[in-house]
Amino acid sequence: MAILKIARMGHPVLSRVADPVADPTAPEIHMLVEDMVDTMIDAPGTGLAAPQVHVPLRVVVFLVRPERTTGIEGDTPVDLTALINPVLEPIGTEMNEGYEGCLSVPGLTGSVPRYTHLRYRGLDLKGNTIDRTVSGFHARVVQHECDHLDGILYPQRMTDLSKLAFVDEMRRRTEK
Ligand code: NI
């Protein structure tokens, strides 16, 4: 196991399009996923994409804890998932706003519109297909992580930059 260094906004690895994984069962992919999970849990974070640890491959890891779900139908908690070569397909055009953070944009949080309903597919570490239809926070996490594979950070998805803030300032205001 290893905790990897996380690239921060401005590093070119975060703005390039990542390459597909040729063989999800390869030992180096298993090692990469193990290290990504260690890094995500240590941070702590709810998701991590390989480019964030300076590896330009189409690999993401994430989990959705029950307390983070929104109550929207289909917004289900999910155990730790490693998703390789993901393909996203929004269902319908409905979007919702929600605050996101990113380990590559430390200290900040911003309100981002995302598709409410999403089907995503990809491969697991055994090369088996993952095919899920989800909503709400679960759908948000997957959209955020998979954007990293196309060189997109959440501030680039924001439509109202007045809703970009420092986490500690936000917390101070909401605790009053
Ligand atoms: Ni991120």
Side-chain angles (χ1 to χ4, degrees), residues 2-21 29 32-65 67-70 75 77-90 95-116 118 120-122 130 132 134-171:
I3 291 165
L4 305 173
K5 189 179 178 198
I6 297 174
R8 294 186 307 161
M9 183 165 62
H11 192 294
V13 74
L14 293 173
S15 51
R16 61 161 283 184
V17 175
D19 299 321
V21 172
I29 299 300
L32 169 65
V33 165
E34 267 183 41
D35 290 347
M36 285 172 64
V37 169
D38 291 341
T39 305
M40 178 182 83
I41 287 169
D42 175 71
T46 199
L48 193 69
Q52 292 183 275
V53 291
H54 305 85
V55 177
L57 289 174
R58 303 189 81 79
V59 178
V60 300
V61 297
F62 57 90
L63 77 162
V64 178
R65 296 190 174 91
E67 63 270 24
R68 297 300 300 272
T69 54
T70 53
D75 190 0
V78 69
D79 288 338
L80 187 60
T81 298
L83 186 66
I84 297 162
N85 299 340
V87 177
L88 272 53
E89 186 188 320
M95 303 191 82
N96 70 97
E97 287 272 339
Y99 274 88
E100 298 184 8
C102 180
L103 297 174
S104 295
V105 192
L108 290 172
T109 182
S111 182
V112 187
R114 298 286 185 189
Y115 288 103
T116 304
L118 177 76
Y120 65 92
R121 281 170 282 189
I130 293 172
R132 294 176 184 155
V134 303
S135 299
F137 185 72
H138 188 159
R140 173 174 298 280
V141 168
V142 174
Q143 288 169 84
H144 175 118
E145 295 313 326
C146 292
D147 262 356
H148 279 295
L149 308 181
D150 293 325
I152 297 166
L153 298 175
Y154 79 78
Q156 294 165 256
R157 293 288 192 195
M158 291 181 66
T159 51
D160 180 359
L161 284 173
S162 73
K163 291 179 177 163
L164 184 65
F166 287 101
V167 176
D168 53 0
E169 288 291 343
M170 283 267 286
R171 205 167 281 151

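In this text, all values refer to a predicted model and were calculated from it rather than measured experimentally. Numbering of ligands and ligand atoms starts at 1, following listing order.
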*Tyr154 versus Leu164: any side-chain heavy-atom pair under 4.5 Å?*
yes
*Under 6.0 Å from the CG atom of Asp168, do we count more than 12 heavy atoms belonging to anything else shown?*
yes
*Residue and atom names of protein N/O/S atoms that fall under 2.8 Å from the Ni ion (ligand 1)*: Cys102 SG, His144 NE2, His148 NE2
*Do Cys102 and His148 have side chains that get closer than 4.5 Å, going by heavy atoms?*
yes
*What heavy-atom pair brings Leu149 and Ala49 nearest, and what distance separates the two atoms?*
CD2-CB, 4.2 Å
*If every non-hydrogen atom of Gln156 is compared with every non-hydrogen atom of Gly151, which pair is closest and at what distance?*
OE1-O, 3.8 Å
*State, without any angle test, whether Arg140 and Thr70 hold a side-chain donor-acceptor pair at a distance under 3.5 Å.*
no
